[in-house]
Amino acid sequence: MIMLQVLIVAEKPSIAETVANALSQGSYCTRAARTSACRVHEFQSYFRGQKANIKVTSVLGHVYGFDFTKEYNDWNSVDAEELFFAGIRKVVADSSSKVVKHLTKEATGIDYLVLWLDCDREGENIACEVISCVKDSMRSVPVISGNRATVFRAKFSALTTRDICRAMNSLTFVDINQASSVDVRAEIDLKVGVAFTRFQTQYFRDKFSSLDSKLVSYGPCQTPTLGFCVARLDEISKFSPETFFLIVVNVRKDNRTTSWYSCRGKIFERQVANAVVERLNSCSNGILGKIIDITTTTERRKRPLPLNTVELLKLASKKLKISPHQVASVAESLYTQGLISYPRTESSKYPPSFDIEAVLSELERTSTWFPIVKNFRERNYPNKSRQGGVDKGDHPPITPVRGAERGSLRNAEHERVYELIVNCFLASLSEDAVVTNQQYCMLIGREKFFFCQRKLTVPGWLEFSSFTHYMESFNMNSQILFEQNDLIEDFTVSLEEMQTEPPKYLSESDLVGLMEKHGIGTDASIPTHINNIIMRDYVRLSSERRLIPTQLGILLYRGYQKIDPQLVSPVVRSHIEQEISQVASGQVDAISVVEHCLKIFWKKFVYFREHIETMDTLFETVFTTLHSRGKNFSLCGRCNRYMKLIEEKQNRLFCMNCNDTLRLPTGKFHIMNGYKCQGDAFELVTWVSSWGRPLLICPKCFSDSSSNTNFKELEWYPGMGCTELSMCRSFSCPWRQWHQCTIGLCGQCVQQAEVSKSPLSPGVLFLSPLDSLQIYCNRCSFCLKFSRDSVVQVGLEEQTEKCNVCHSRKLWLETLTSNIKQKGCLYCDSLFLVVLKRDMPRRAFHVSYRKRRTK
DNA sequence: GCAAGGTC
């Protein structure tokens, strides 16, 4: 009988292992694979009635992502509007380059492929990515549906052995509609996000000098996220505080003072409040208060639901003051250490198969948790978790998996997040807390006053350390002070003047809640979006961890609102989501949705670009415009007027006349009076970079090409500015041939190359274009400065006459003593020895190197 | 350099 070859692919390594364990009843072999994370678990079993060799492995999330084709990557040559119609392609995601090879290798010769991705749209999409990776390696032709199918999809609702086996016995097919709905979302997000981001980044950077943001980004998720923060700011600033009054009666009884408040509540008119107080005071002599009513009510504080991701983010931010981004990262780390279950889940209900007992015994094995769990059990817990909550099926709620001793984890944040997760787990299985409210009502004259005593009669889940601070609001030990019909003699009446308070800025926890409510981002991406708007400097985090919009954030929001409020509205995202859902359910085809949505956003883009000047007035109030800054510097090639040099984080030249901005690199600039670029007639400038070497550049050529060039990684040599960086568009420009300044190989470099066997070619010595009494090497630190006390001028021979011995170009020298130009080689002639009062470095090496090279 | 979505 032929043994079938079956490959199962899961979305992540942990699920691959769970599946292998369940299907093989625990007897499988594991081997390493090309990607250390995606191991392969093998066993023999039956597949569709035949004996089969089954391999289970995984990918690491998406294998591919979308990007523009290469020609669209240049910010300067591509108009942002074109991006709406640009070609896009699927490219292997950064982290997945090994995964593709891994899949093709493992799929070689297989008969069947079983896709065990998470049961959501993204999972369906990744399933298709896996198919495209393995289709050429399979022995059989990949058929994705029908009787002759060779590619199947496992749909599981829980990761229990029973459910995994059930899923394996009822395999279905990949849902192409769901998969393509993900591509729809990706294409729209990419094109819209990148087009708007590029356009507004360039627009604002070229316009405002004090705006140091490298990037002014726009995104269908990040921008509405910013919107929530600014909307709250608006609520705060619109708020006008109102004065109100509370009538308070302080009663003394048994050496204790209690404050009773008028049943009228807040009184907003001062006259009314004063009148009531006066009436009470005027008749206080002889008038007694009387307790006319005592009511006792109980209030149940429900235990928390099992923990899902969003809830964890909110709780940790609120109670532990750790940012959602950080919590997500700590939880991931706890998960990979095997301490907690998978931390990205929407489920808030334990599945029926969930083994609570197993978790409890794991906790009991540590001395930290043993007494707590023991105490917990002694109260006949665990209770079944609270009614309500959702079981999404793929991942159970976040719970501890293994006990950890206090102090044994990586750092304090790990400790606190782990403790919170354990506490939430125990709390979700505890008793509800019960609060008893005792409300007393007292009558003085015709006025009623109340006093409330709250007692926590059943602490329940509030006893776990993460929640104990709730208990502080209850006066646990208070005795009952008053009885029905008691008469009160000893009291004073007073008026408390107060003001209504504005809402506070959004906390991270509030923001997570709003994003979840409006469907902005997913549990895994919400922390990233929040982090994004902080990193881009649209909001700042206050010391109380509240999100305060910055001026930039506020201006962007106001600008969008002025031009097109939908750009910041959360509704737009949900509208797109609805259309995508129709693709997923097969009601509409993907292409028409992409076209439809892009058309809408393209129109928005065009309108936004036409009206962006309305944003200027907003920005000008806060950011300095280029017009009002800078000093006249070099000549513009278009209008021949002086451009202004603006030296900020991003150096720029700004032509007021042409209203154009040229970006310059970091460093200092000197003017090269009169020398112009042959290509565009802009005046050349000398740039002294952080390496301290002067470099001649045309600002226009530099600005046009700067986006493609990483200057830090380049080595510098004379003439590079206008030649080697291909900045210059003119081949006839003499400045491309800047080797007028070069002398010859650097002796110091030659020596170093000898010693270190460096494969790098040695540097070149050149006369500084700024000061002809200085000679530099373009690579090493060698620098030669002639003393002004003895040397008048040094220059290169116009004819490129070279030294016969070492091939260096000859220099002429004019000294104070001789007054005539003398000619010689820097290395080989004694001429320079006299003025330098030293020999040139490593001449012998220099010569030997030359000789060897010329052999 | 740019979006958002998975996962390490």
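Keep in mind the model is a prediction, meaning the values are calculated, not measured. Lettering follows sequence order; numbering is per chain, from 1.
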| Does dA3(B) have Y218(A) stacked on its base, where the ring centres are within less than 5.5 Å and the planes differ by under 30°? | no

| task | Quick one: list whatever passes side chain to side chain donor-acceptor pair (under 3.5 Å) with S97(A), sequence neighbours left out. | result | none

| message | The side chain of L60(A) is closest to which nucleotide in this list: dC8(B), dG6(B), dG5(B)? | response | dC8(B)

| Within less than 4.0 Å of OP1 or OP2 of dC2(B), is there a side-chain N or O belonging to S217(A)? | no

| message | Under a 3.5 Å threshold, yes or no: a donor from one side chain and an acceptor from the other, between R344(A) and Y342(A)? | response | yes

| query | Hey, what's the ring geometry for F156(A) with W116(A), parallel, tilted or perpendicular (30° and 60° as the breaks)? | reply | parallel

| query | Does dA4(B) have OP1 or OP2 sitting under 4.0 Å from an N or O in the side chain of H62(A)? | reply | no

| query | Which class fits the ring pair F228(A) and H518(A): parallel under 30°, tilted 30 to 60°, perpendicular over 60°? | reply | tilted

| query | Using a cut-off of 4.0 Å on non-hydrogen atoms, how would the nucleic acid contact of G521(A) be classed: base, sugar-phosphate, or nothing? | reply | sugar-phosphate

| If you check every side-chain atom of K12(A), which of dG5(B), dC2(B), dT7(B) has the closest atom? | dT7(B)

| request: Ignoring backbone atoms, establish whether T197(A) has a side-chain N or O less than 4.0 Å from OP1 or OP2 of dG1(B). | output: no

| field | Phosphate OP1/OP2 of dC8(B) contacted by R39(A) side-chain N/O (<4.0 Å) | value | no

| query | Hey, is the side chain of Y342(A) poking within less than 4.0 Å of OP1 or OP2 on dT7(B), counting only N and O atoms? | reply | yes

| Whole-Å distance separating the CZ atom of R198(A) from the P atom of dC2(B) | 10 Å

| Can you find a side chain N or O atom of R344(A) that sits less than 4.0 Å from OP1 or OP2 on dG6(B)? | no

| said: Just to be sure I understand the rule, does F199(A) reach a base, reach only the sugar-phosphate, or reach nothing, if contact means heavy atoms closer than 4.0 Å? | reply: nothing

